[in-house]
Asks: 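The structure that follows is given in the form of structure tokens.
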Amino acid sequence: MTLPVPSWLKEMVGKNKAALRSAVALSAEDSLQRYALHTVCHAAKCPNRGECFNCGDATFMVLGERCTRGCRFCAVSRETPLPPDSTEPERVAQAVDEWHIRYAVLTMPTRDDLPDGGAAHFARVINAIHTRTPDVCIEPLISDLQGNQESLKTILSARPNVLAHNVETVEKLYPFVRAGAQYKRTLTVLENSKKLAPHILTKSGFMVGLGETQEQISQLLGDLRSAGVDLLTIGQYLAPSAKHYPVARYPEPEEYKEWEKQALSLGFKGVAAGPLVRSSYRAGALFRAASAKDKQIRTDKV
């Protein structure tokens, strides 16, 4: 039996959908079509598209919109992926420039069909943005790259400001929700990023409402901090269709405030938590707040 969506959450989603009809949002859609680009905003049916497009934010989906895995929470297509498009790096860089984006978030489907998981192509996109708009901050949200450390080095060598990789859910739910992924491998990717490039902030995110317990959430928060994760997002899982993993519950907004407080007490530098928060939601603002906090901490130590 499908769990009914609370009225307060329906209202939040409705306001974001209405925002998609604004002139700014329609212009963003037009730009994406002209450059033939994909966004995770569309592929994952993100409920925040209206708000983010009106703020000039979008998460570009590099390497196509087809994934080689079939996570039960995700709306991204599992069709056979196409080869990497050599013109994509420059097209993404042009769009970032045209939108006057100051903080670019890039994500990717899992590409287990490619020897390096798509790392070299992903790095080319980052470098193209650096070349065209040197002052733009860049946050790549990567797959687990099958745990390949050389692939991770390739992406880090392109000098992103943040390296993001989502844990998505608690360890106990991995076998049911995340096909082909491994909880410990996800933590290792984040830990290795911090070891290889300590100056680059690491970020992760997870969903609630899949059936996790508070004890499991506490364990997850502790594991992420132990892996050196700096930034964190927590949001409500919304099933893309009746065929996807069912929603177990809809936590009240007050619960997110408690999780945010708990995470900050563990030492995370920045936390965004709320029913409609997604991994790239207002990512630039979270990065700037964390950077300012980090700078103040260093100043206080002098």
Side-chain angles (χ1 to χ4, degrees), residues 1-17 20 39-52 59 61 65-79 107 109-110 112 141 143-144 165-187 204-221 223-224 232-260 262-263 272-281:
M1 181 178 177
T2 303
L3 194 67
V5 180
S7 57
W8 58 265
L9 184 54
K10 286 182 179 179
E11 184 178 347
M12 292 176 69
V13 173
K15 287 181 179 178
N16 272 284
K17 286 184 177 179
L20 283 170
T39 67
V40 74
C41 320
H42 290 90
K45 300 181 179 180
C46 180
N48 294 312
R49 288 203 309 275
E51 179 183 351
C52 291
T59 299
M61 196 168 188
E65 54 182 356
R66 300 179 180 182
C67 184
T68 52
R69 298 185 191 169
C71 294
R72 293 189 63 199
F73 67 85
C74 187
V76 176
S77 170
R78 200 189 170 190
E79 297 178 46
T107 189
T110 301
D112 292 332
L141 173 58
S143 70
D144 64 21
H165 176 53
N166 285 341
V167 67
E168 304 293 11
T169 187
V170 299
E171 183 175 15
K172 187 174 181 179
L173 292 177
Y174 258 61
F176 311 102
V177 178
R178 301 208 66 193
Q182 299 172 19
Y183 182 78
K184 294 192 184 315
R185 183 165 66 192
T186 288
L187 293 176
S204 194
F206 65 90
M207 303 168 287
V208 292
L210 292 126
E212 66 288 328
T213 65
Q214 178 54 50
E215 182 180 0
Q216 291 165 350
I217 290 176
S218 295
Q219 180 64 50
L220 173 56
L221 292 174
D223 289 343
L224 289 172
L232 178 69
T233 61
I234 307 172
Q236 170 71 54
Y237 168 60
L238 298 173
S241 76
K243 295 181 180 179
H244 286 79
Y245 198 83
V247 176
R249 80 182 187 102
Y250 294 99
E252 294 289 327
E254 291 73 19
E255 294 184 69
Y256 292 92
K257 295 178 183 178
E258 289 302 315
W259 289 321
E260 179 177 349
Q262 181 182 0
L276 295 189
V277 168
R278 297 297 180 264
S279 53
S280 56
Y281 178 71

Asks: In Å and rounded to the nearest 0.5 Å, what is the CG to CD distance from L220 to E168?
Replies: 10.5 Å

Asks: Do K172 and Q216 have side-chain heavy atoms sitting under 4.5 Å apart?
Replies: yes

Asks: Say whether, by atom type as modelled, one donor and one acceptor occur between the side chain of E11 and the main chain of W8 under 3.5 angstrom.
Replies: no

Asks: Measure from the ring center of Y183 to the ring center of Y174 and say whether it is less than 6.0 Å.
Replies: yes

Asks: So L9 and L238, side chain to side chain contact (heavy atoms under 4.5 Å, CB included) or not? Walk me through it.
Replies: CA-CA 10 Å; L9 184 54; L238 298 173; 3.9 Å; yes

Asks: For a quick test of reading the model, state the closest non-hydrogen atom pair linking T68 to T110 and the distance between them.
Replies: OG1-O, 2.9 Å

Asks: Indicate the atoms forming the closest heavy-atom contact of G205 with L232, along with that distance.
Replies: CA-CD1, 4.4 Å

Asks: For Q214 and E258: C-alpha separation, side-chain torsions, deciding distance, then whether side chain to side chain donor-acceptor pair (under 3.5 Å) applies.
Replies: CA-CA 11 Å; Q214 178 54 50; E258 289 302 315; over 6 Å; no

Asks: Please tell me if the side chains of V5 and V247 come closer than 4.5 Å, counting only heavy atoms from C-beta onward.
Replies: no

Asks: Starting at CZ of R185, measure out to CZ of R178 and round the result to the nearest 0.5 Å.
Replies: 9.0 Å

Asks: How far apart are the C-alpha atoms of V208 and I217, what are their side-chain angles, what is the distance that settles it, and do they pass the side chain to side chain contact (heavy atoms under 4.5 Å, CB included) test?
Replies: CA-CA 9 Å; V208 292; I217 290 176; 4.1 Å; yes

Asks: Roughly how far, to the nearest 0.5 Å, is the OG1 atom of T169 from the CZ atom of F206?
Replies: 8.5 Å

Asks: Enter the distance from R69:CZ to S143:OG here, rounded to the nearest 0.5 Å.
Replies: 6.5 Å

Asks: Kindly state each residue pair satisfying salt bridge (Lys or Arg N to Asp or Glu O under 4.0 Å) with at least one member in residues 236-251, sequence neighbours excluded.
Replies: R249-E255

Asks: Rounded to the nearest 0.5 Å, how far does OG1 of T107 lie from CE of M61?
Replies: 6.0 Å

Asks: Does Y250 reach the main-chain N or O of P4 with its side chain, forming a donor-acceptor pair under 3.5 Å?
Replies: no

Asks: Indicate whether any N or O donor in one side chain lies under 3.5 Å from an N or O acceptor in the other, for Q262 and S218.
Replies: yes

Asks: Any side-chain heavy-atom pair from N166 and R278 closer than 4.5 angstrom?
Replies: no

Asks: Closest approach of F73 and V177, non-hydrogen atoms and distance?
Replies: CD2-CG1, 3.3 Å

Asks: Can you see which heavy atom on E171 is nearest to which on P175, and at what distance?
Replies: O-CD, 3.9 Å

Asks: Looking only at heavy atoms, which two atoms of G70 and A179 are closest? And how far apart?
Replies: O-CB, 3.9 Å

Asks: Could you measure the distance from the CD atom of Q236 to the CG atom of L276? Nearest 0.5 Å is fine.
Replies: 8.5 Å

Asks: Name all residues meeting the side chain to side chain donor-acceptor pair (under 3.5 Å) criterion together with R66; count only those two or more places apart in sequence or in a different chain, and write none if there are none.
Replies: none

Asks: Is any side-chain heavy atom of E212 closer than 4.5 Å to a side-chain heavy atom of Y237?
Replies: no

Asks: Is any side-chain heavy atom of Y245 closer than 4.5 Å to a side-chain heavy atom of C71?
Replies: no

Asks: With a 4.5 Å cut-off on side-chain heavy atoms, are S204 and H165 touching?
Replies: no

Asks: Is there a donor in the side chain of T186 and an acceptor in the side chain of D144, or the other way round, less than 3.5 Å apart?
Replies: no

Asks: Taking all atoms of both residues into account, what is the closest heavy-atom pair of G274 and Y256, and its distance?
Replies: N-CD2, 3.4 Å

Asks: Under a 4.0 Å N-O cut-off, is there an ion pair linking K184 with D223?
Replies: no

